[in-house]
Amino acid sequence: MSMLKTPGDKYRPFPPINLPDRQWPSRAITQAPRWLSTDLRDGNQALIDPMGAEKKSRFFDLLLKVGVKEIEVGFPASGATDFDFISGLVKDGRIPDDVIVQVLTQSRRDLIETSFASLEGAHSAIVHLYNAVSPVWRKVVFGMDKDQIKAIAIEGAKVLRDQAAKYHGTDWRFEYSPETFSTAEVEYSVEVCAAVMDVLQPTPDKPIIFNLPATVECATPNIYADQVELFGRMIPNRDSVVISLHTHNDRGTGIAACELGLMAGGDRVEGCLFGNGERTGNCDLVTVALNMYTQGVDPELDFSDIDAIAKTVEYCNQLPIHPRHPYVGELVYTSFSGSHQDAIKKGFAAMEAKNDPVWEMPYLPIDPADLGRSYEAVIRVNSQSGKGGFAWVLEQDQGLKLPKKMQAHFSTQVQALADELGRELFAEDIWAVFQRTYKLNTPQHFQLIDYEESKAPDGTRLFAGKIALDGKEQSVSGRGNGLISSVVGTLRDAFGVVLEVKDYSEHAMTAGSDARAAAYVECVGADGKTIWGVGIDEDVATASVRAVLSAANGVA
Ligand SMILES: CC(=O)SCCNC(=O)CCNC(=O)[C@H](O)C(C)(C)COP(=O)(O)OP(=O)(O)OC[C@H]1O[C@@H](n2cnc3c(N)ncnc32)[C@H](O)[C@@H]1OP(=O)(O)O
Ligand SMILES: CC(C)C(=O)C(=O)O
Ligand SMILES: [Mg+2]
């Protein structure tokens, strides 16, 4: 079967929510929510090979390091792997005092009892109960009406209450998810949650968590926000309720839905690092947190070594992270295209020049350094690149800051090589073509061996030195108004090379006592053509002599 010409015959649009006085569109996210990682449960249940104890353990330690304070550690009734891992965390005292673990269970007595047993001895824990409430699940999965579905939730809540009384040494907290909330009638979800609340009797000091899952994302994110705002308005005893958001990404808008849900009154966010999870994944906690960070809001999670975090997550999940994944992908701080490179290079120069830390950087919404990424990969060069690209690479790699006009000259060489090779040009490719273009490789046609500069009584400069011509050393000298013109005079008088210097610049390449300098000369030869020369030396005057010889080598 192929795509239908009339998809409306098969698929129905999700109806809008009637909430004309919705408030969320005018709100902003101004503080971090409570974060719950469900990597070890919702993420884990979606893996090809679920994590064993070693991987779960590594992931748990990673989450502690990131600063996650609520961690869903598994589904104890799923089997021994989860049960033993969870009870091991408790028995081995691995749960810090400021961290609370959570477990998930269906609303079935035996599964709930197993869940409590796994947590025996914990100082505190959240037991998370769920059952699906939406029309399709009621009809297709359970074959039950609304009252029967509500009864499943009530029965489960009663078992939670009784088990909590049995294991009285633990500070038990409860979470209830009307699973498939986003495709259910909000009024009905509220009715079921209110019935659960009647059993569990939450208080403002000991609130219940109502987690509102977009189990399968079926609508635009504004609809989820409407549903969350409506739920928050209708649920009784709002001050005894924590509204938790749990979005999936079937339409690719799981993060957007979560963010709009926060604006609509969500207090807490459930998700996975880098968005692992069923089908297209859970809400990506890293992206939501860093989106906040780029708005100046402290997310209270630490992603300062994001590559190390990604490495552990990839190892545990045995799934790669896409190179264009927000904030973490290998390529997300890299620009290949000329106009982006130009803007970024100017952006970095402007940041260096100004006296405040406010990030004003074209094309980079976040400073990669904040996440432990280097600036090295910010600009990479291929056939789509421009002057800013190779100039950046030469500056980062060799410490050379080419004058603008020289960049234009060198650009044709780089472009030709990129077109010829049909691949990215690495720093060593660019350096090799630079050395070749400006005759920096030895042996050179004209090669400086040694020189001395002195001042004549009439104020002119005298250059006296040894220059090898194709390997044969010659003593030469010449006069001029300055060192450069005396070298130009020497070349003319000794070798018949005619050069007129149009422009000159120099800069220090590295700081410190072993600093080197680079000098650039723009010359015109006897035929009227422009020739550029480059000199690099520990001594800036010698660098300028080398630059003139480099131009002469370009003529020869
Ligand atoms: C949206 C989510 O992510 S929900 C979480 C999903 N995660 C998992 O399922 C991972 C762990 N699960 C498991 O290991 C297994 O499913 C177990 C061990 C929990 C249960 O396994 P089984 O007893 O073999 O049954 P299974 O999961 O297929 O359950 C199906 C039965 O439970 C019922 N059921 C499903 N969900 C629930 C629920 N939340 N509450 C009560 N009953 C439920 C179904 O209607 C079905 O009943 P039926 O047999 O009368 O038709
Ligand atoms: C169990 C619930 C919270 C869930 O994972 C979902 O509905 O996506
Ligand atoms: Mg889920």
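Whatever order the structure lists them in is the order used to number ligands and atoms, beginning at 1.
- Rounded to the nearest 0.5 angstrom, Phe59 CZ and Ile71 CD1 are separated by 10.0 Å.
- Using cut-offs of 30° and 60° on the angle between ring planes, the pair Phe116 and Tyr167 is parallel.
- Nearest to atom 34 (N) of ligand 1 by heavy-atom distance, out of Glu278, Arg109, Arg41, Gln106, is Gln106.
- Considering each of Glu175, His128, Arg41, the one bringing a non-hydrogen atom nearest atom 5 (O) of ligand 2 is Arg41.
- Regarding atom 20 (C) of ligand 1, its nearest protein heavy-atom neighbour is Arg108 NH1, 3.8 Å.
- Summarising the contacts of atom 44 (C) of ligand 1 with Tyr130, Phe142, Phe75, the nearest heavy atom is found in Phe142.
- The atom name of the N/O/S atom in His248 closest to the Mg ion (ligand 3) is NE2.
- Put simply, atom 39 (N) of ligand 1 has protein non-hydrogen atoms near it, under 4.0 Å away.
- Short contacts between ligand 2 and Glu179, defined as distances under 4.0 Å to a heavy atom of the residue, involve ligand atoms 7 (O).
- By the criterion of a heavy-atom distance under 4.0 Å, the side chain of Glu179, and not its backbone, is placed next to ligand 1.
- Contact check for Gln318 versus Asp49: no side-chain heavy atoms found under the 4.5 Å cut-off.
- Ligand 2 places these atoms under 4.0 Å from at least one heavy atom of His248: 8 (O).
- Counting all heavy atoms, side chain and backbone alike, Glu72 lies closest to Thr38 at OE1-OG1, 2.7 Å.
- Ligand-side atoms of ligand 2 in range of Asn211: 3 (C), range being under 4.0 angstrom from any heavy atom.
- Neither the backbone nor the side chain of Thr38 has a heavy atom within less than 4.0 Å of ligand 2.
- Residue contacts with ligand 2, taken as heavy atom pairs separated by less than 4.0 Å, do not involve Glu270 at all.
- The pair Lys158-Glu155 counts as a salt bridge, with a side-chain nitrogen and a carboxylate oxygen less than 4.0 angstrom apart.
- Rounded to the nearest 0.5 angstrom, Ile309 CD1 and Asp302 CG are separated by 6.5 Å.
- In this structure, atom 47 (O) of ligand 1 has its sub-4.0 angstrom surroundings free of protein heavy atoms.
- Counting protein heavy atoms under 4.0 angstrom from atom 14 (O) of ligand 1 gives one or more.
- Distance remark: protein heavy atom not present below 4.0 angstrom from atom 17 (C) of ligand 1.
- At a 4.0 Å heavy-atom cut-off, ligand 1 touches Ala77 through the backbone alone.
- In this structure, Arg268 fails the cation-pi test against Phe210, since its NZ or CZ atom is not both closer than 6.0 Å to the six-membered ring centre and inside 45 degrees of the ring normal.
- Side chains of Asp342 and Ser339: no donor on one and acceptor on the other come within 3.5 Å.
- Remark: ligand 1 and Ser107 share an N or O pair separated by less than 3.5 Å (distance only, no angle test).
- Residue Ser78 has at least one heavy-atom neighbour below 4.0 Å for each of these atoms of ligand 1: 11 (C), 14 (O).
- Here Tyr130 and Tyr176 keep their ring centres 6.0 angstrom or further from each other.
- Listed by chain and residue number, nothing satisfies the ring-ring contact (aromatic ring centres under 6.0 Å, His included) test with Phe303 (two or more places apart in sequence, or in another chain).
- Among the backbone and side-chain atoms of Asp42, an N/O/S atom is found under 2.8 Å from the Mg ion (ligand 3).
- No side-chain donor-acceptor contact under 3.5 Å links Arg27 and Gln23.
- For atom 4 (C) of ligand 2, the closest non-hydrogen atom on the protein side is His246 NE2, 3.4 Å.
- No hydrogens or angles considered: a donor-acceptor pair under 3.5 Å links the side chains of Trp24 and Asp226.
- Heavy atoms from both the backbone and the side chain of Asn131 come within less than 4.0 Å of ligand 1.
- Between the side chains of Glu217 and Thr253, at least one donor N or O sits under 3.5 Å from an acceptor N or O.
- Protein heavy atoms all stay at least 4.0 Å away from atom 51 (O) of ligand 1.
- Nearest protein heavy-atom neighbour of atom 7 (O) of ligand 2: Thr215 OG1, 2.6 Å.
- Around atom 2 (C) of ligand 1, the closest heavy atom drawn from Gln45, Glu155, Met144, His248 belongs to Gln45.
- Geometrically, ligand 2 and Asp42 share a nitrogen or oxygen pair separated by less than 3.5 Å.
- Near Ser177, with a cut-off below 4.0 Å to any heavy atom, the atoms of ligand 2 are 3 (C).
- In this structure, atom 24 (O) of ligand 1 has no protein heavy-atom contact shorter than 4.0 Å.
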